[in-house]
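Heads up, the thing below is written out as structure tokens.
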Amino acid sequence: MTARVYASRRKRIIDALVTKLKTINGQGAFLTDVGENVHPRMKFWDEVDEFPALHLNAGSETREYQSAGVRDRFLSVNIRCYVQADDAQEELNELMEDVETIIEDNSRLAYTDKMNNVYYTQQITVISIDTDEGVLEPLGVGEMLIEVRY
């Protein structure tokens with residue numbers, strides 16, 4: 001069986017992002033340690049019981065048709081960041097900096113399809129960053145919207 005060149009790879013890209021985000025370990029350039037607390041599905045803040053935590057959700061996906069039958073795919077991914085601390089906004093900002101570092105360092109992200117063929121994203125771009133601005137202290141919730149072009 002051969003690979004389908006233009007099939008959606010939403011789940012595989014999310015899984016690859018989760019793997020990379022789990023490397024945020026508080027060492028070197030990283031300010032926080034998420035350990036294994038990175039998940040490929042969304043939870044609301046009242047369902048989260050371990051902090052810090054990252055939850056990803058694949059959103060809408062669009063196509064752009066180029067010449068010669070080439071198709072670019074654009075996947076929106078929401079990364080929700082959760083912290084609990086005395087200074088939750090500071091902790092949240094540090095966690096979001098770490099997430100952005102992973103995204104910047106892995107813009108050409110390797111992922112596999114169901115047949116274990118390796119592919120690479122063309123680019124990962126941070127579209128927006130938003131936080132609760134301290135409303136939920138001592139909890140902090142932030143969202144990053146990224147776009148994955150593949």
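In this text, all values refer to a predicted model and were calculated from it rather than measured experimentally.
- Taking all atoms of both residues into account, the shortest heavy-atom contact from E137 to D86 is OE1-O, 3.4 Å.
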>> Show, in sequence, the C-alpha distance, side-chain angles and deciding distance for V126 and E100, and conclude whether the side-chain contact (heavy atoms from CB on, under 4.5 Å) test is met.
In response: CA-CA 8 Å; V126 175; E100 192 167 7; 4.2 Å; yes
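- D87 is linked by a side-chain contact (heavy atoms from CB on, under 4.5 Å) to Q89, E90, counting only residues two or more places apart in sequence or in another chain.
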>> side-chain contact (heavy atoms from CB on, under 4.5 Å), that's the test. Do D132 and L139 meet it? Break it down for me.
In response: CA-CA 9 Å; D132 67 339; L139 299 174; 5.7 Å; no
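- Linking Ile, Leu, Val, Met, Phe, Trp and Tyr residues whenever their side-chain heavy atoms come within less than 4.5 Å leaves L31 and L95 in two separate clusters.
- Applying the side-chain hydrogen bond (donor to acceptor under 3.5 Å, both in side chains) test to pairs two or more places apart or on separate chains, those with a residue in residues 74-83 are R80-E143.
- Side-chain atoms of V141 and L136, non-hydrogen and from C-beta on, do get closer than 4.5 Å to each other.
- Rounding to the nearest 0.5 Å gives a distance of 6.0 Å between OG1 of T125 and CD of E147.
- The two residues G140 and A88 have their closest heavy-atom pair at N-CB, 3.9 Å.
- Every pair passing side-chain hydrogen bond (donor to acceptor under 3.5 Å, both in side chains) that includes a residue from residues 22-31 is listed here, sequence neighbours excluded: K22-E36.
- Counting only heavy atoms from C-beta outward, the side chains of M96 and M144 approach each other to under 4.5 Å.
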Identify every side-chain donor-acceptor pair in residues 101-112 under 3.5 Å, counting partners at least two apart or on other chains, and give the distances.
residue: T101; atom: OG1; partner: E97; partner atom: O; Å: 3.0
residue: N106; atom: ND2; partner: I102; partner atom: O; Å: 2.8
residue: S107; atom: OG; partner: I124; partner atom: N; Å: 3.0

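- With a 4.5 Å cut-off on side-chain heavy atoms, V38 and I24 do not count as touching.
- Between the T131 side chain and the E133 main chain, a donor and an acceptor come within less than 3.5 Å of each other.
- Taking the ring centre of Y119 as origin, the terminal cationic atom of R9 falls inside the region bounded by 6.0 Å and 45° from the ring axis.
- At a threshold of 4.0 Å, the pair E61-R10 counts as salt-bridged, since one of the basic side-chain nitrogens sits closer than that to a carboxylate oxygen.
- For D15, the salt bridge (Lys or Arg N to Asp or Glu O under 4.0 Å) criterion is met by K11, not counting sequence neighbours.
- In the hydrophobic cluster analysis, where Ile, Leu, Val, Met, Phe, Trp and Tyr join through side-chain heavy atoms closer than 4.5 angstrom, L145 is grouped apart from L21.
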Tabulate below the donor-acceptor pairs under 3.5 Å that side-chain atoms of residues 49-60 make, not counting sequence neighbours, or state none.
residue: H55; atom: ND1; partner: R41; partner atom: O; Å: 3.0

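- The side-chain heavy atoms of R73 and E64, taken from C-beta on, include no pair separated by under 4.5 Å.
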> Are L17 and I79 close enough, and set up right, to give a side-chain contact (heavy atoms from CB on, under 4.5 Å), and what steps lead you there?
Replying inline: CA-CA 10 Å; L17 281 168; I79 303 172; 5.7 Å; no
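- A distance of 9.5 Å separates SG of C81 from CG of D98, quoted to the nearest 0.5 Å.
- More than 12 heavy atoms of other residues, nucleotides or ligands lie within 6.0 Å of CG in D46, so this atom counts as buried by the packing criterion.
- In this structure, F74 is not a member of the same hydrophobic cluster as I13, with clusters built from ILVMFWY side-chain heavy atoms closer than 4.5 Å.
- Here the straight-line distance linking atom OG1 of T62 with atom CG of L75 works out to 9.0 Å at 0.5 Å rounding.
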